[in-house]
Amino acid sequence: MNPARGSLLGIEHMEAAEILKLLKFARRMNPDHARPLLKGKRVMLLFYEASTRTRSSFEIAAKSLGAHTVLIQAMGSSIEKGESLLDTGYTVRAVGADIIVIRHPNAGAPYVMAQHIDVPVINAGDGLHEHPSQALLDAYTILRNKKTFKGLQVTIVGDIFHSRVARSACHLLSKFDVKIILCGPPELVPEIATTLAPGVRVTRHIEDALRGTDVIMLLRVQSERLAGMKIDLPEYIARYQMTPARLKMAKKDAIVMHPGPIIRGLELTSEIADGVQARILEEVHNGVPTRMAILARAMGKMR
Ligand code: NCD
């Protein structure tokens with residue numbers, strides 16, 4: 001079965017025009033004054049992995065459009081009893097799901113679901129693969145701050161290897177000819193990352209990565225993900241942590257983004273996290289209108 005119309009499985013195969021249309025539509029979304037575009041619809045939030053921002057903003061987005069939401073987490077559901085992904089999918093469809101939002105530790109899980117279930121499936125993060133709604137809300141945030149993608153340079157620093165956020169961001173930004181620089185040690189930013197999308201460059205030197213950049217996107221560096229890798233955290237901090245002195249190397253009006261959760265004292269200092277150039281909470285805030293647009297589009301309501 002082909003995925004249902006309105007599914008959002010990844011950014012890689014999405015056309016630039018469709019992305020712009022969705023971002024434009026998102027600008028018209030306001031959770032406090034929303035038309036009930038999803039009145040009476042049921043949005044199932046199927047979370048096989050921890051989540052704070054993504055889950056709460058999908059839930060608020062769905063509810064503000066008039067939908068009912070049901071949250072199913074691995075813990076406390078039949079998933080814990082060993083039910084397969086597809087059997088859980090058939091079950092939530094049978095109780096009346098109109099949209100399935102799914103986060104899963106395995107790359108491709110949303111695709112499998114979409115191939116077997118006849119309702120739109122939204123990928124809320126699948127393994128190391130993609131996180132399309134995050135890329136869209138990040139693009140929305142960049143456009144709100146920089147007006148256009150034209151001539152922009154975006155620097156991504158941190159654990160790119162383990163980041164579905166980075167992968168989706170590279171796919172999206174490269175469709176608009178944004179210059180993308182990936183920065184970090186070879187274990188976290190392998191050379192092969194340049195093949196991710198056109199226009200991607202890799203550097204090990206933070207000065208080189210930050211010079212003349214408009215947007216700095218920081219990614220989580222978490223020890224649980226680094227098992228078996230030779231990463232010395234004090235050395236990472238010494239070479240790559242975002243500090244006020246390093247931020248000065250970027251353009252004066254550069255913004256600092258981070259999909260969260262942030263680890264103060266590791267990827268960035270508190271001065272940066274709470275500083276005037278940070279857009280970290282703005283990203284979270286923008287997650288709601290962006291996900292409203294994604295859900296309305298899933299139900300064919302994007303005009
Ligand atoms: C990210 C994720 O889950 O991929 N967070 C998010 O959704 N906002 C980033 C991460 O966990 O590192």
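Note that ligands are numbered from 1 as they come in the structure, with each ligand's atoms numbered from 1 the same way. The basis for the numbers below is simple: all heavy atoms, side chains too, and nothing from hydrogens, waters or symmetry mates. All residue numbers in this chain count up from 1 along the given sequence. What you see is a predicted model, and the numbers here were worked out from it, not measured in a lab.
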Flag, side chain of Q241 to backbone of L266, donor-acceptor distance under 3.5 Å: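 Such a contact is found between Q241 side chain and L266 backbone.
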Residue list, salt bridge (charged side-chain N to carboxylate O under 4.0 Å, His left out) with K24, at least two apart or on another chain: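 K24 satisfies salt bridge (charged side-chain N to carboxylate O under 4.0 Å, His left out) with no other residue.
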For atom 3 (O) of ligand 1, which of R164, H258, H131 has the closest heavy atom?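 Result: the heavy atom closest to atom 3 (O) of ligand 1 is in R164.
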Is it true that R264 and D274 make a salt bridge, defined as a side-chain N closer than 4.0 Å to a carboxylate O?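 Salt bridge flag = yes for D274 with R264.
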With a 4.0 Å cut-off on heavy atoms, is R103 touching ligand 1?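 Within the 4.0 Å threshold, so yes.
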Out of all atoms in ligand 1, which are within 4.0 Å of some heavy atom of G260? Include the element for each.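 It comes down to these atoms of ligand 1: 1 (C), 5 (N), 6 (C), 8 (N), 9 (C), 10 (C).
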Give the atoms of ligand 1, by number and element, whose distance to some non-hydrogen atom of R225 is under 4.0 Å.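 Near R225, meaning under 4.0 Å from one of its heavy atoms, ligand 1 has 10 (C), 11 (O), 12 (O).
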Relative to ligand 1, is Q134 under 4.0 angstrom through side chain, backbone, both or neither, heavy atoms considered?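 The side chain, only.
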Taking 4.0 Å as the limit for heavy-atom contacts, which would you say applies to L219 with ligand 1: side chain only, backbone only, both, or neither?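 No part of L219 is near ligand 1 at this cut-off.
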Partner set under ring pair (Phe, Tyr, Trp, His ring centres under 6.0 Å) for Y48, not counting sequence neighbours: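 For Y48, the residues satisfying ring pair (Phe, Tyr, Trp, His ring centres under 6.0 Å) (neighbours in sequence not counted) are H104.
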Test side-chain contact (heavy atoms from CB on, under 4.5 Å) on L22 and M302 and set out the steps. CA-CA 8 Å; L22 204 149; M302 184 164 86; 4.3 Å; yes
Any nitrogen or oxygen of P259, main chain or side chain, under 3.5 Å from a nitrogen or oxygen of ligand 1?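 P259 vs ligand 1: N/O contact under 3.5 Å present.
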If you apply the rule side-chain hydrogen bond (donor to acceptor under 3.5 Å, both in side chains), what do you find for N30 with H33, and how did you get there? CA-CA 5 Å; N30 177 347; H33 303 279; 4.6 Å; no
Tell me which protein heavy atom sits closest to atom 11 (O) of ligand 1, plus the residue, atom name and distance to 0.1 Å.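 Minimum-distance protein heavy atom for atom 11 (O) of ligand 1 reads R220 NH2, 2.9 Å.
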